Amino acid sequence: MLEELQEKLHPYKKYEHYIFFVCGFAFDALLLHRIDDPLMLIHQGIYLTLAALLIAWDIFHEEGRFHVTPRLNKFWNYREGILHFLLGTLLNVYTIFYFKSGSFIGSIYFLALLALLLFLNEARPKQISKHFLRNMLFGLCLISYMNILVSIAVGSIGTLVFLLAIAIAYLIHSAYMRFLRSRLEGRKLFRDIHAPFLCIAAIYMILYFAKVLPPVPLSVKYIGIYHEVQKEKDEYKLAYTRSKWFFWQNGDQSFYAKPGDKIICFAKIFSPARFQGKLQVRWSFKDPKLGWQAWDAIPLEVSGGREEGFRAYTVKSNYQAGEWRAAVETEDGREVGRIGFEVIDVDPSYTSETHYDFH
């Protein structure tokens with residue numbers, strides 16, 4: 001039966017890697033839940049272990065150090081597809097979490113790096129071995145996993161936490177290298193296994209210190225601009241005056257300001273359980289001549305664990321008409337999320353119907 005299935009699928013074999021990668025993405029998208037879910041973290045750890053073993057066994061097989069039995073051979077032919085499924089699933093997790101944990105501009109760097117590696121892995125230039133490329137993908141998964149896991153375990157983020165995650169990933173990879181060293185020639189081991197990891201680690205550190213790597217595991221679940229805020233029992237009652245026709249806006253992104261009005265920036269920020277940290281809302285104004293100018297940064301205290309996100313707001317009373325944006329940032333300026341809006345001055349006699357959001 002398996003032979004018949006292989007024969008039917010043979011014309012599509014060249015698309016095998018793409019199919020398995022897409023299946024990996026789709027499979028994990030269905031299971032993806034909280035970033036700090038223990039089962040999710042265990043699931044990622046198991047996939048990383050299986051991927052590492054498949055990579056090792058494939059290299060051992062090429063070097064004649066591992067022989068496939070006739071019984072195993074039927075399944076061995078699918079090793080590339082299985083590896084792509086495992087990596088595709090993991091990369092789906094980290095792509096989604098990095099998009100949730102930063103603005104589109106910041107997240108696009110991670111996506112660009114991922115897209116480049118996937119393209120090279122499929123195009124596979126003759127000058128680069130398949131092992132080098134697949135180990136770059138594996139290194140990307142390992143470092144991303146440790147970056148999330150260590151932040152959750154420590155309960156905070158920051159440079160020291162990030163460097164600790166890189167160091168632990170390096171120690172794990174070094175142990176993996178020792179496992180392979182007894183069976184592989186040292187030069188090949190460094191070129192195909194260790195060098196790709198070092199390349200990815202270096203790129204990660206460059207992105208981090210350039211402040212473009214999103215600050216996982218934090219994420220902004222909602223952010224909006226409002227005229228008033230009141231807390232009623234366990235809910236925040238937020239007033240906005242925009243027309244119902246502008247349903248895509250979060251609150252008053254077209255903010256009609258009468259003298260004395262204050263701008264409320266309300267946000268729901270997800271952070272893992274036991275997480276404690278400080279964030280800030282940075283207000284910026286687009287000067288017609290000078291471009292975006294930072295005005296002030298108002299601090300927020302964040303505590304984690306709430307499924308819908310920690311709720312907080314800041315108030316701005318000093319502003320002028322024009323284009324604005326409010327960005328939720330870490331203390332060292334790493335953007336978690338932002339919202340753009342326009343302030344439009346109106347006469348005191350201006351009237352509009354008030355609506356309410358509840359969070």
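Quantities reported herein were computed from a predicted structural model and do not represent experimental measurements.
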Query raised in the report: Does the Asp347 side chain pair with the main chain of Ser349, one donor and one acceptor, at a distance under 3.5 Å?
Result: no
Query raised in the report: Of all heavy-atom pairs between Leu87 and Phe138, which one has the smallest distance, and what is that distance?
Result: CD2-CA, 4.3 Å
Report summary line: Residues at least two apart in sequence or cross-chain that pass side chain to side chain donor-acceptor pair (under 3.5 Å) with Asp296, listed by chain then number, are Lys316
Query raised in the report: So, do Cys265 and Phe341 sit near enough that their side-chain heavy atoms are less than 4.5 Å apart?
Result: no
Query raised in the report: Taking the side chain as C-beta and beyond, is there a heavy-atom pair between Val315 and Ile263 under 4.5 Å?
Result: no
Query raised in the report: What do you reckon, is CZ of Phe285 surrounded by more than 12 foreign heavy atoms closer than 6.0 Å?
Result: yes
Query raised in the report: Would one find more than 12 heavy atoms of other residues, nucleotides or ligands at under 6.0 Å from atom CG of Leu290?
Result: yes
Query raised in the report: Partners of Thr159 by side chain to side chain donor-acceptor pair (under 3.5 Å), sequence neighbours excluded?
Result: Tyr208
**Report entry** Donor-acceptor contact below 3.5 Å, side chain Asn135 vs main chain Asp192
**Finding:** yes
Query raised in the report: Would one find more than 12 heavy atoms of other residues, nucleotides or ligands at under 6.0 Å from atom NZ of Lys258?
Result: yes
Query - Pair Asp234 + Arg311, salt bridge at N-O below 4.0 Å - result: yes
Report summary line: Members sharing Ile344's hydrophobic cluster, built from side-chain contacts under 4.5 Å between Ile, Leu, Val, Met, Phe, Trp and Tyr, are Tyr256, Val346, Tyr350
Query raised in the report: Is atom CD of Glu228 surrounded by more than 12 heavy atoms (other residues, nucleotides or ligands) closer than 6.0 Å?
Result: no
Requested in this report: Return the minimal non-hydrogen interatomic distance between Tyr222 and Gly251, and the atom names on each side.
Outcome: OH-N, 4.1 Å
Query raised in the report: Below 6.0 angstrom between ring centroids: does that apply to His173 and Phe197?
Result: yes
Query - Counterpart residues, side chain to side chain donor-acceptor pair (under 3.5 Å), relative to Ser156 (two or more places apart) - result: none
Report, one line per pair, each donor and acceptor closer than 3.5 Å where one atom sits in a side chain of residues 321-331; sequence neighbours left out.
from	atom 1	to	atom 2	distance (Å)
Trp324	NE1	Gln320	O	2.8
Glu329	OE1	Gln280	NE2	3.1
Glu329	OE1	Arg282	NE	2.9
Glu329	OE2	Arg282	NE	3.4
Thr330	OG1	Asp332	OD1	2.5
Thr330	OG1	Arg334	N	2.9
Thr330	OG1	Arg334	O	3.4

Report task. Measure from the ring center of Tyr236 to the ring center of Phe266 and say whether it is less than 6.0 Å. Result -> yes
**Report entry** Side-chain H-bond candidate by donor/acceptor type, Thr241 with Glu353, under 3.5 Å
**Finding:** no
Query raised in the report: Within 45° of the ring axis of Phe358 and under 6.0 Å from its six-membered ring centre, is that where the NZ or CZ of Lys237 lies?
Result: no
Query raised in the report: Less than 6.0 Å separating the ring centroids of His227 and Tyr240?
Result: no
Query raised in the report: Any donor-acceptor pair under 3.5 Å linking the side chain of Gln253 with the backbone of Ile225?
Result: no
Query raised in the report: Do the side-chain N and O atoms of Tyr226 and Asp252 include a donor-acceptor pair separated by under 3.5 angstrom?
Result: no
**Report entry** Residues in side chain to side chain donor-acceptor pair (under 3.5 Å) contact with Asn147, at least two apart in sequence or another chain
**Finding:** Tyr98
